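Computed from a predicted structure; not experimentally measured.
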Amino acid sequence: MGKKKKHIRTEKERLFMEETACKRKEVAEIKRLKRIKDAWWLIGFALVAVALSLGFTVWTAARMHNFETNYLTVNGTVSGYKVRHGTATNGNNSRTTYTLVISYTFNEREYEFSDTVAYRVRPTGMIGTTTEIYVNPLNPEQVKKVTTADDPSFVSAIIFPFGAVIYTLGILLLLQEKGNSFLKRLLFIWLPVFVWCVISILLFWIGLPDDGLSAVFTRVEGAIGYAVIGGVALLAVLTDGIISKKK
């Protein structure tokens, strides 16, 4: 058998192959630029969420610091509850909630106020129990229940995880261009999330100048949320490190 003749590309074939290769490069470049653009959009959105969470954190710290330094803490007694009727999300069924009515004495005068926390179940078992409240000495009718004075912290702890997840997705897209190593994920994802959680908890602590750090977790709801998020970040580091080592 004779040797198979080697095919010699014609000029037309060569031009076609070069054109195809150029188109592939153009498509790949368009996808790359879109990926980078999407990454920065995600990071920008995440930074907005983080800024919002920071705002609520600072608000909590300022409120708690104001209560701790300018208000007096007195014992109030749950004397009853108020019934509130609302509309459920489906717009059809009525939703009933209950808020506590708290009585307290200040400068030998009796006062009463309604707390802002809504209960889904009738809180009959709480009637007669005592609870700490903040009272403005200059205006005794300005009061706040101690355990609900940090409401913004809870909002902060809800917003931040969404921002952290979106930020993680954005950074992962960028790292596809720069090289996605464990060290880079540690420095640009897990460490920033963990440090931010620590900073937020310390900010909450500023709002309680006369209490220890442990009081932050018993009195500020959002602090518990940030502690959980920080723990998840540490677990992610450990898991990521183990998986990266096995590769």
Side-chain angles (χ1 to χ4, degrees), residues 52-162 200-201 203-229:
L52 281 174
S53 69
L54 175 62
F56 281 104
T57 297
V58 172
W59 184 14
T60 296
R63 276 163 50 90
M64 297 297 288
H65 192 275
N66 180 45
F67 289 137
E68 286 287 307
T69 56
N70 298 320
Y71 283 49
L72 296 177
T73 304
V74 302
N75 286 325
T77 302
V78 179
S79 56
Y81 55 85
K82 288 185 178 180
V83 181
R84 293 184 179 180
H85 299 285
T87 304
T89 53
N90 57 18
N92 297 321
N93 300 323
S94 176
R95 182 177 61 185
T96 302
T97 57
Y98 308 89
T99 55
L100 299 178
V101 175
I102 300 174
S103 302
Y104 61 100
T105 302
F106 191 81
N107 287 339
E108 300 181 352
R109 286 190 58 183
E110 294 287 337
Y111 296 91
E112 189 177 83
F113 80 102
S114 295
D115 191 25
T116 56
V117 174
Y119 295 87
R120 301 295 297 273
V121 179
R122 197 181 298 268
T124 52
M126 300 180 69
I127 296 177
T129 59
T130 58
T131 182
E132 285 188 326
I133 58 174
Y134 290 118
V135 179
N136 184 350
L138 302 178
N139 184 1
E141 292 185 353
Q142 287 185 355
V143 294
K144 189 71 176 176
K145 189 164 173 276
V146 168
T147 53
T148 58
D150 70 322
D151 297 345
S153 74
F154 186 68
V155 179
S156 174
I158 291 175
I159 294 174
F160 179 72
F162 290 102
S200 297
I201 291 171
L203 285 173
F204 291 140
W205 191 14
I206 292 173
L208 301 172
D210 300 323
D211 296 323
L213 183 60
S214 60
V216 174
F217 298 100
T218 57
R219 296 186 55 189
V220 183
E221 275 189 315
I224 299 173
Y226 276 101
V228 171
I229 299 166

Going by heavy atoms in the side chains, are [X] and [Y] under 4.5 Å from each other?
X: Met126; Y: Leu100; result: yes
X: Leu54; Y: Leu203; result: yes
X: Phe160; Y: Ser200; result: no
X: Tyr226; Y: Ser156; result: yes

What distance separates [X] [atom1] from [Y] [atom2], expressed to the nearest 0.5 Å?
X: Tyr134; Y: Phe67; atom1: OH; atom2: CZ; answer: 7.5 Å
X: Thr73; Y: Lys144; atom1: OG1; atom2: NZ; answer: 14.5 Å
X: Ile159; Y: Phe56; atom1: CD1; atom2: CZ; answer: 5.0 Å
X: Thr57; Y: Asp150; atom1: OG1; atom2: CG; answer: 11.0 Å
X: Met64; Y: Thr69; atom1: CE; atom2: OG1; answer: 11.0 Å

Between Gly225 and Ala157, what is the shortest heavy-atom contact and its length?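 Smallest interatomic distance, heavy atoms only, reads CA-CB, 4.3 Å.
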Quick one: are the ring centres of Tyr104 and Tyr111 less than 6.0 Å apart?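 Ring centroids of Tyr104 and Tyr111 are less than 6.0 Å from each other.
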Taking 4.0 angstrom as the limit, do Arg219 and Glu132 come out as a salt bridge?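 Salt bridge flag = no for Glu132 with Arg219.
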Arg63 side chain vs Ala149 backbone, donor-acceptor pair below 3.5 Å: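 Such a contact is found between Arg63 side chain and Ala149 backbone.
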Residues forming a side chain to side chain contact (heavy atoms under 4.5 Å, CB included) with Leu213, sequence neighbours excluded: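 Residues passing side chain to side chain contact (heavy atoms under 4.5 Å, CB included) with Leu213: Ile201, Trp205, Val216, Phe217.
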Tell me whether the count of non-hydrogen atoms from other residues, nucleotides or ligands lying under 6.0 Å of CZ in Phe162 goes above 12.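 Open.
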